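Remember, predicted model here, so these are calculated numbers, not experimental data.
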Amino acid sequence: MKRRALVYGLCALALLPTFVMAGDHLGLGVTGAYDVRAARVTRAAILRSIDLPATLACEGERTLYAQQPGVVSAGPAAAGAAVRQGEVLVQFDDQVQKTSLRAALLSSARAQSALSRLDEAAASLDAPALSALLQLLPASSAALSADAALLSWSMTRVCAPMPSRVLAVHVRTGQAVMAGAALATLGGDANRARVRLSDADVSRVLVGQQVLVQREGVQIAKGRITAIAPGERSADGQIASLLGGAPTSSFAVAEVQLDRTLPLPTGAALTCSIILAQVDAVCVPLEAIGQDDTVLVAVGTDAPRAVRVRVRCGLTDGAVVQLLEGPPEGSVVVLGGAVAEGARLRGLQVLP
């Protein structure tokens, strides 16, 4: 029995440090904490921003429209294709226009021939005023008809006005379209974003403000607002306006120039964080703040003790938070909140 008691006693002595450390962490009467993560109260810039939905757009985006009715006979160019300036994007059936142009040119030639004979007759009668009149009437009418027919024929070929990329095609071969119908949308690199602003947002957003662009929670680009333009009013806003009410459903669109070209399709959904202000503040990591608006401050040099201090918080960017009241700059605060108040902090790891 004595030998067994001796063995048990030696085992208990060997396990004592483990029990002490466990007591430190669990707060079982032995106050102490090991390998505690901490950070300093520092001065940093906190960004005050608003997050708004946006869509990806292209530089120099432009939609081409039909200038006259017609039937698409060839093309159109495929979406995503790179086109040269002057390259035909959409070809309309031009048989009617060609026939009209031939008739107009023939009529113009006949008018010129008749005019020459009438000029000779007028000259023999010594009537310069009559000659001038005869020169104006038939020749001008025929020339105008020919010019109109030529213009109508030229409208059957819709060409790219600049080197660009086909972003979208709105017609198909064999489709009959009316004048004013959208044919194709062209654009350059996908390096712009369009942000929809409500009435409440318009007063806070300005040209020149910095923008952080995110997709699915990940920052993918930065940018700056280059223009703000009125947007179309929603149906609710139109009804309110017709009834004499305030157009509360109107909105504006902010154009954002990105710092890079994004490998995404035009119209891709983005989130733009518009920086409204940048505040220089005393702040701590957000995870240092407890649910009761307190932080644990490491007080002392050798095995410092955790002391709870109440704080008043201000702005936050999701990572750090501004301290309006609390420990001064340079103080060390515990991260995570798993340490009991009054615990000795051994092996304190102060993060940079």
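Between Val207 and Ala227, the closest heavy-atom pair is CG2-CA, 4.1 Å. Nearest heavy-atom pair, Thr156 versus Asp93, reported as atom, atom and distance to 0.1 Å: CG2-O, 4.3 Å. When all heavy atoms of Cys58 and Arg192 are compared, the pair lying nearest together is O-CD, 3.8 Å. The heavy-atom pair separating Ala298 from Leu345 by the smallest distance is CB-CD1, 3.7 Å. When all heavy atoms of Val166 and Ala78 are compared, the closest pair comes out as CB-O, 3.5 Å. Nearest approach of Cys159 to Leu64, heavy atoms of both residues: O-CD1, 3.9 Å.
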### Task
Step by step, work out the side chain to side chain donor-acceptor pair (under 3.5 Å) result for Thr63 and Thr185.
CA-CA 4 Å; Thr63 299; Thr185 301; 3.0 Å; yes
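Side-chain atoms of Asp51 and Thr271 include no donor-acceptor pair closer than 3.5 Å. Neither side chain, Thr294 nor Arg310, offers a donor N or O lying under 3.5 Å from an acceptor on the other.
Within the 4.5 Å cutoff, side-chain heavy atoms of Val41 are placed close to those of Val333. Between Gln91 and Val72 the shortest side-chain heavy-atom distance does not fall below 4.5 Å. The closest side-chain heavy-atom distance from Leu89 to Leu183 is not below 4.5 Å. Using a 4.5 Å heavy-atom threshold, the side chains of Val321 and Ile289 count as touching. Arg224 places none of its side-chain heavy atoms less than 4.5 Å from the side chain of Gln209. Considering only heavy atoms from C-beta on, Val71 stays 4.5 Å or farther from Phe92 through its side chain. Looking at heavy atoms from C-beta onward, Leu323 lies out of side-chain contact with Cys283 at the 4.5 angstrom threshold. Contact annotation: the side chain of Thr42 never approaches that of Val282 to less than 4.5 Å [non-hydrogen atoms, C-beta and beyond].
Here Arg37 pairs with Glu287 in a salt bridge; the nearest charged N to carboxylate O distance falls below 4.0 Å. The pair Glu61-Arg194 counts as a salt bridge, with a side-chain nitrogen and a carboxylate oxygen less than 4.0 angstrom apart. Ionic pairing of Asp293 and Arg312 is not present here: no N-O contact between side-chain nitrogen and carboxylate oxygen is shorter than 4.0 angstrom.
Atom CZ of Arg43 has more than 12 heavy atoms from other residues, nucleotides or ligands within 6.0 Å. Enclosure of atom CZ in Arg215 by more than 12 non-hydrogen atoms of other residues, nucleotides or ligands within 6.0 angstrom is indicated.
For the atom pair CD of Gln210 and CD1 of Ile225, the computed distance is 10.5 Å after rounding to the nearest 0.5 Å. Rounding to the nearest 0.5 Å places CG of Leu258 at 6.0 Å from CG of Asn191.
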